[in-house]
There are 2 protein chains.
Amino acid sequence: MSVKTLCLGALSLRDGTGYDIKKLFESAFSHFHSASYGSIYPALKQLQADGLLDCRLEPGAKHPDRKLFSLTGEGRKALVDELTAMPAGEQLRSDFLLLMFFAHLLPTEVLRDKLAQMEAYYEDELSYLKSIADCAEHSAGIAFTIEQGIQVYTAKLGLLRDRREQLLKDHREIPKEWSENSPCTD
Amino acid sequence: MSVKTLCLGALSLRDGTGYDIKKLFESAFSHFHSASYGSIYPALKQLQADGLLDCRLEPGAKHPDRKLFSLTGEGRKALVDELTAMPAGEQLRSDFLLLMFFAHLLPTEVLRDKLAQMEAYYEDELSYLKSIADCAEHSAGIAFTIEQGIQVYTAKLGLLRDRREQLLKDHREIPKEWSENSPCTD
DNA sequence: TCGAACATGTAAAAGGTTACATGATTAC
DNA sequence: GTAATCATGTAACCTTTTACATGTTCGA
């Protein structure tokens, strides 16, 4: 039920369309949640059917089919209830760490490339978060989410830069020929 | 195809059963990936059918049906190929940050509880990672994944402790009565 | 005028979890 | 003797992504 909660949350900030909500997921929520149109539009339909959202059409000159959603009183209550009931957990899914775990199986150049890609990724995330930290007043809670992102990416970037040379230097390239009688007995 | 890659990776370390693989996911991989039996056993079956795993039964006195899997040469190659081809990304899914984003909607006691739960969670993860960092020799890559976890959880725990008092002090409890004419115009 | 951004939606497929079903072995 | 751990597997369900289908509006 997560996309629904995300949509309720987005609409608690301001009324908006499915498209607006997606933009919010790509900006303010980007470092801790995500969702695609294929899950947002059905979620909005369902939430409206459940009486948690109101919808007014904006057929004005500009956009023919714009559907502007807003929270109902019930919707706001449902959001608070879900946030309260939800266990406060988090889960990382990192293909990068998976790769690092098996770095000893890879050619050095591949490792070098992946480290470079990840550095660029961390840099981008960090500079984005810093830009939004500065440019507006946020509630204390929102500021906390941004600050956590900044500290986490700063730590990750620092470690990556710290260890890169050593990782590459120590890295032993595995012989190209793999076979059953590999000498590797890890 | 992620569970398959995870299984190939696990079996590149040592031969093992589905059960062993699950244990590994709950220990060494726990801070960056996860999978349940319901996905592991079908994945192993499929990988065997694809010729990437060998399976020998251990019907010894102890365990009647123990299926010990091992990588074939092709399986090892497939693992390396997948690690190489896979874009090196990561994604956080944090219900805690979602909750913090909307902290202004919640009663103070709920916020206090969630912060306490999260502190305990971060402490547990951190102490687990510290314990495995000390107790064995790891490859440089594995050490990197543990070190990143330690630094990240240390940062998160530090920020949480730093900000908690201020967050709770500044926190304005929202009146119990919610209705359409709420004064909240964020 | 042409591409980017705005805007909505569906259907199929992928991927995974949960719950169930079963049973042996080990440590207390 | 009884609870935890070891051990395998299936089926139903849930959620989400991907790919498709369509059309407008705005800025360069």
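Proteins get letters first, then strands, A, B, ... in listed order; numbering begins at 1 in each.
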(request) Compare side-chain N and O positions of Ser39(B) against OP1 and OP2 of dG16(C) and report whether any pair is under 4.0 Å apart. (result) no
(request) Compare side-chain N and O positions of Arg93(B) against OP1 and OP2 of dT16(D) and report whether any pair is under 4.0 Å apart. (result) yes
(message) Once salt bridge (Lys or Arg N to Asp or Glu O under 4.0 Å) is applied, do any residues pair with Lys114(B), and if so which ones, sequence neighbours excluded?
(response) none
(request) Describe the nucleic acid contact of Gly38(B) in one word from base, sugar-phosphate, nothing, applying a heavy-atom distance below 4.0 Å. (result) base
(message) Counting the atoms with a prime plus P, OP1 and OP2 as sugar-phosphate, which does Ser36(B) contact under 4.0 Å by heavy atoms, base, sugar-phosphate, or nothing?
(response) base
(message) Quick check: on DNA chain D, is the nucleotide nearest Gln91(B) upstream (toward 5') of the one nearest Lys23(B), or the reverse? Name the residue that is more 5'.
(response) Lys23(B)
(message) For Gln117(A), is the CD atom crowded, meaning more than 12 foreign heavy atoms sit under 6.0 Å from it?
(response) yes
(request) Write out all pairs satisfying salt bridge (Lys or Arg N to Asp or Glu O under 4.0 Å) with one or both partners inside residues 121-138 of chain A, taking only residues at least two apart or from two chains. (result) Glu123(A)-Arg161(A)
Output the rounded distance in Å from [atom1] ([X]) to [atom2] ([N]).
X        : N       : atom1 : atom2 : answer
Asp65(A) : dG9(C)  : CG    : P     : 7 Å
Tyr19(A) : dA5(C)  : OH    : P     : 8 Å
Lys45(A) : dT8(C)  : NZ    : C1'   : 11 Å
Leu68(B) : dC6(D)  : CG    : P     : 15 Å
Phe69(B) : dA7(D)  : CZ    : P     : 13 Å
Arg66(A) : dC26(D) : CZ    : P     : 11 Å
Asp95(B) : dT15(D) : CG    : P     : 13 Å

Could you check which of [options] has an atom nearest any side-chain atom of [X]?
X        : options                  : result
Asp20(A) : dT8(D), dA7(C), dT17(D)  : dA7(C)
Ser2(B)  : dG16(C), dA7(D), dT18(C) : dG16(C)
Lys67(B) : dT18(C), dT17(D), dT8(D) : dT8(D)

(message) What verdict does the salt bridge (Lys or Arg N to Asp or Glu O under 4.0 Å) test give for Glu109(A) and Arg112(A), after you've listed the backbone C-alpha separation in whole Å, the side-chain angles of each residue and the deciding distance to 0.1 Å?
(response) CA-CA 5 Å; Glu109(A) 342 140 28; Arg112(A) 192 194 312 278; over 6 Å; no
(message) Taking the basic N atoms (NZ, or NE/NH1/NH2) and the acidic carboxylate oxygens, is any pair closer than 4.0 Å for Glu119(B) and Arg164(B)?
(response) yes
